[in-house]
Amino acid sequence: MKLQLTFTLLFISVILNAQEVTKLTLAQSIDYALQNNVNVKSSKADEEIAHQKVNELKGFGTPQINGEATLNDFLQIPVTVLPESFEDQFGTRTVKFGTKYTAVAGLSATQLLFDGSYIAGLQASHTYEDLSTKKTTQTRIETAVAVAKAYYGVLVSKERLILINNNVDRLKKLRDDIKITYETGLAEKLDYDRANLTYNNLVIQQINTERMVDISYKLLKFQMGMDLKKPIDLTDKLDLSQLENFSLPDSADPAMRIEYSVLQTSRRLQELDLKRYKSAYYPSLVAFGNFSTSGYRDEFTIFNPDYKWYPTSIIGLTLKVPIWDGLQRSSKIKQSKMELQKLEYAKENLVKSIDFEYANAKTNLENNMALLETNKKNREIATEIVRASQIKFDNGIGSSLEVVDAESSLKEADTNYFAALYAAIISKIDLEKSLGNLHY
């Protein structure tokens, strides 16, 4: 009974610890990454910070109201020294004005009526918020590209592993067949050794590919922001039609790229920053008001309602006119103009970079597509050679060496094909990114 209970608890533990495999398409993987990738979440946090900075700046233009209360206990009341004539008349020239206890409670309020720097800053704050939003979009696109590359990396590695597994099974059978012919004296030991060496090398390649599949899965989950231990299964298949149905324009339009939009917004922000420094030469006008009431007591009866409080109120305007600041504002304006010029240089460089990036992506795709087609044909030829060699060997008219050589050639052709396939897929993704066709 105790043994049965142990097995029951062990079974329950296995069930509870088992994790359900999550099936993911490429689109679902990207959606998951856009919600969980650390870079995306950090960019969203920056976007929220920018929004709150706008609210902070808006607050400066609203009434600023403060309450204040002060309670004083004069351990020694301040002494006032009067002119000498008071001493001749009253016998002393020092007197103490005031009471031991004083209390003041009041409200003060200010309202900004005009400040050119504030108006320009308010305009800049909205542009800053827009810039933060666009940077989030840029991060989302970069994340989606990274996830797509990792997703296809898994698919290619899995396809390669399936093929290697089949080749291992076939080579194992070939090796065993050669061993039988060797043991019956119809083949040399050298033939068996060659077949065994080819088989062992392929097994090593199989193990390395299995590890590569595992690493590819981990890379994908890392890009997605997923727990590396969470089991997933990719449901999309390699669709080579996407490498065939596309057009290549003569050039890329920089306006389609999020990087260009980010730079344009940065330029607008710098223009508003320059405007803010220039606005600092304008006068500023602030309205203020204050109401307070004071209590004076020789004894601590501050909170006794029978004693009188003395109210005071005032309203007014403060006009501040900048006259001379030691050329500080002038220096800031010059610095801002130079920053604006630097952004112009950056724009010119970005346009050239986009042109080069597209030209490079286009060339890489064309080269990789041609290489893929060549390796595809080589793979078909190598497969046919293996098939023909195996038939000849099975019928006793071909040598085992011929079959082993054919298998080695097929292994090399398979390796080259999958490398070219992955390179072509990555080139296609890079091309779409260079054209600004990715929107997330």
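Note that these values count all heavy atoms, side chains included, but never hydrogens, waters or copies made by symmetry.
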(request) Could you tell me whether R297 sits above the aromatic face of Y101, with NZ or CZ closer than 6.0 angstrom to the six-membered ring centre and within 45 degrees of the axis? (result) no
(request) With R329 as the cation and Y277 as the aromatic partner, state whether NZ or CZ is under 6.0 Å from the six-membered ring centre and within 45° of the axis. (result) no
(message) Can you confirm whether more than 12 heavy atoms, excluding those of L319, are under 6.0 Å from its CG atom?
(response) yes
(message) Counting neighbours of CZ on F356 that are heavy atoms of other residues, nucleotides or ligands and sit closer than 6.0 Å, is the number greater than 12?
(response) no
(request) Give, for atom CZ of R268 and atom CG of L340, the distance between the pair rounded to the nearest 0.5 Å. (result) 11.0 Å
(request) Please work out which of the three classes, parallel, tilted or perpendicular, describes the rings of Y310 and Y296, given edges at 30° and 60°. (result) tilted
(message) Salt bridge check, K237 against E159: does any charged N sit closer than 4.0 Å to a carboxylate O?
(response) no
(message) Please check: side-chain N/O of D236 versus main-chain N/O of L26, any donor-acceptor pairing under 3.5 Å?
(response) yes
(message) Take a 6.0 Å sphere around CE of M212 and say whether it holds more than 12 heavy atoms from other residues, nucleotides or ligands.
(response) no
(message) Check whether D273 reaches the backbone of L269 with its side chain - one donor and one acceptor, N or O, closer than 3.5 Å.
(response) no
(message) With a 6.0 Å cut-off (strictly less than), is the heavy-atom count around CG of D250, excluding the residue itself, greater than 12?
(response) no
(message) Donor-acceptor pair, distance only, cut-off 3.5 Å: does the side chain of E432 make one with the backbone of I429?
(response) no
(message) Pair L220, M226 - check side chain to side chain contact (heavy atoms under 4.5 Å, CB included), show working.
(response) CA-CA 9 Å; L220 173 60; M226 178 182 285; over 6 Å; no
(request) Using side-chain hydrogen bond (donor to acceptor under 3.5 Å, both in side chains) as the criterion, point out the one residue from N72, D298, D73 that pairs with K100. (result) D73
